[in-house]
J.: 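Sharing a structure below in structure tokens format, with a few things to ask.
Letters A, B, ... are given to chains in the order of the sequence lines, protein chains preceding strands, and every chain is numbered from 1.
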Number of protein chains: 2
Amino acid sequence: MKYYPGQKHYLVAVDCIIFGFDGEHLKLLLIKRGFEPKKDEWSVMGGFVQPSESLDQAAARILHQLTGLSNVYLEQLQTLGDPDRDPIERTFSVVYFALIDIDKYEKQISSDYNASWVSFNNSPNLIFDHTYMVTLARKSLRYKASLHPILFELLPEKFTMRQLQNLYEDVYDTSFDKRNFSRKVLSTGLLIKQREKDKLSSKRGSFYFKLNKKEYATNFYAFIKLIPKPDDLI
Amino acid sequence: MKYYPGQKHYLVAVDCIIFGFDGEHLKLLLIKRGFEPKKDEWSVMGGFVQPSESLDQAAARILHQLTGLSNVYLEQLQTLGDPDRDPIERTFSVVYFALIDIDKYEKQISSDYNASWVSFNNSPNLIFDHTYMVTLARKSLRYKASLHPILFELLPEKFTMRQLQNLYEDVYDTSFDKRNFSRKVLSTGLLIKQREKDKLSSKRGSFYFKLNKKEYATNFYAFIKLIPKPDDLI
DNA sequence: TCAAAAGTGTTTATTCTACACCCATGG
DNA sequence: CCATGGGTGTAGAATAAACACTTTTGA
């Protein structure tokens, strides 16, 4: 037996929702499409799965193409496959989301793709069902981050408590009491306080923290409740 | 433009992990495969996605074929697509899991498929990566059920507190204090106590409860923490 | 010297946990 | 009348929430 007879074959693509954080706001890396259909319209970065690669490999390849980054936090989200979601021909899209340190990506490559970082308030219209993908990714990010410390993936190696709090506040569109927030975060044992201070954001300066990578690796899948009221997340 | 040139096309299948609960233990509905390859070996129920149907529709169709049930809790889990996962030809599999009331399924149909309910301790070897799918589904069930009241989908219309507790204990492979468990469950407002008692399991009899469907529909996506220590779930 | 952000502690309310006895009934 | 499973309450511990003042320093 060489193949399954009588079955239709389809295209399979991978699309990546790429999140970044600029110290103030959560951002999305979008590209201006360079090919038909919908050339010059905004979309998320994607590509077809090649015969020799797995889905995870395809996602990593696509992410690398746009950002130059490897070994990035990448998680499969969902697969979309409505018969008419792509007007040219039926294409299944396996959606991934990626969390990257916005300072690390290759600006050169991303400008070749006409990519830019946009925030959620003023993001452009996207082709096909890409807006839905983004909504899905945002919900999933909230969900996952309410239980696991994944948001650290968005931060640079050294960051201040204020930046971390900004990140959580922006992801959840809320605000936290800084005393309670800092106490809760520190109680996880995930942070190591540095001697060095960030002097950019205030005269007094604020201490940098680094992620305790060992603790992070060990406790990644343990629930860590940083969000007080995780209702209505999905 | 009629199609995307130069891209390989693939098969896309949907596989359903079907959970049931017999009052004591969580079970899985498996079938003995009726076609090659791997004829007569155990697998989960699946099928290829047809040109006109969406993924959700394909999953519902496949579930209906085996159980006769419609309007069942069905959730997309993940998509597997390693190049060699199917020895015949490259096939992507979108994995769903279903939660059904074990009393409602059509025994006739399921016996046509050589299906049987197995518990996790003595489940047979499965073809391809189906064992992995089941593991994935079990983890996902724990994860989801730690936050949302989905396990009610597995129970008949009327059930006792003991049955509910058995279900949670079996899903999480642990045991709960019955006083704390019952208090916590009742505090959700999801249950309506019936006048009628179940007299099968004890001389005194125990009250039946029904799900408060209105409350359930409204609060489905609110977090409801029934599990005290949801660590190490994934 | 003052504006701006950093840093820190305590009290109260809520939630969680551990734990043991009486009840109702069919055989 | 007794064995079996059903049903219930409380006290102590842990966790979460609310809340405000002092420090530092560059301009």
J.: Would you mind reading off the distance between B:K184 atom NZ and C:dA18 atom C1', rounded to a whole angstrom?
T.: 13 Å

J.: Can you tell me how far P of C:dT11 sits from CG of A:D177, to the nearest Å?
T.: 17 Å

J.: Please figure out whether B:G205 or A:R179 has its closest DNA chain D nucleotide nearer the 5' end.
T.: B:G205

J.: Mind calculating the distance between CZ (A:F176) and C1' (D:dA17) to the nearest angstrom?
T.: 13 Å

J.: Round to the nearest Å and state the distance from A:L186 atom CG to C:dG7 atom P.
T.: 10 Å

J.: Do B:N180 and C:dA18 share a donor-acceptor pair, side chain to base, under 3.5 Å?
T.: yes

J.: The side chain of B:S202 is closest to which nucleotide in this list: C:dA6, D:dG6, D:dA17?
T.: D:dG6

J.: According to the interplanar angle, ranging from 0 to 90°, do the rings of A:F220 and A:Y73 count as parallel (below 30°), tilted (30 to 60°) or perpendicular (above 60°)?
T.: tilted

J.: Within this structure, what is the CZ-to-C1' distance between A:F181 and C:dT8, rounded to whole angstrom?
T.: 16 Å

J.: Tell me whether the OP1 or OP2 atom of C:dG27 has a side-chain N or O from B:K203 closer than 4.0 Å.
T.: no

J.: Do B:N114 and B:S111 have side-chain atoms, one donor and one acceptor, less than 3.5 Å apart?
T.: no

J.: Whole angstroms only, please: what is the OH-C1' distance between A:Y208 and C:dG7?
T.: 17 Å

J.: Classify B:S201 by what it touches in the nucleic acid, base, sugar-phosphate, or nothing, heavy-atom distance under 4.0 Å.
T.: sugar-phosphate

J.: Could you state the CZ-P distance from B:F207 to C:dC23, rounded to the nearest angstrom?
T.: 16 Å

J.: Quick one: do B:D40 and B:K32 make a salt bridge, cutoff under 4.0 Å?
T.: no

J.: Look only at the side chain of B:D198 and the backbone of B:Y208, and say whether a donor-acceptor pair between them is shorter than 3.5 Å.
T.: no

J.: What does B:R183 touch in the nucleic acid at a heavy-atom separation under 4.0 angstrom: a base, only the sugar-phosphate, or nothing?
T.: base

J.: Whole-Å distance between D:dG5 C1' and B:K197 NZ?
T.: 11 Å

J.: Examine D:dG26: is either OP1 or OP2 under 4.0 Å from a nitrogen or oxygen in the side chain of A:K199? Give yes or no.
T.: yes

J.: Measure the acute angle between the ring planes of B:F97 and B:F19, then classify it against the limits of 30° and 60° as parallel, tilted or perpendicular.
T.: perpendicular

J.: Suppose we call a contact any N or O donor and acceptor under 3.5 Å apart; does that hold for the side chain of A:R204 and the base of C:dA6?
T.: yes

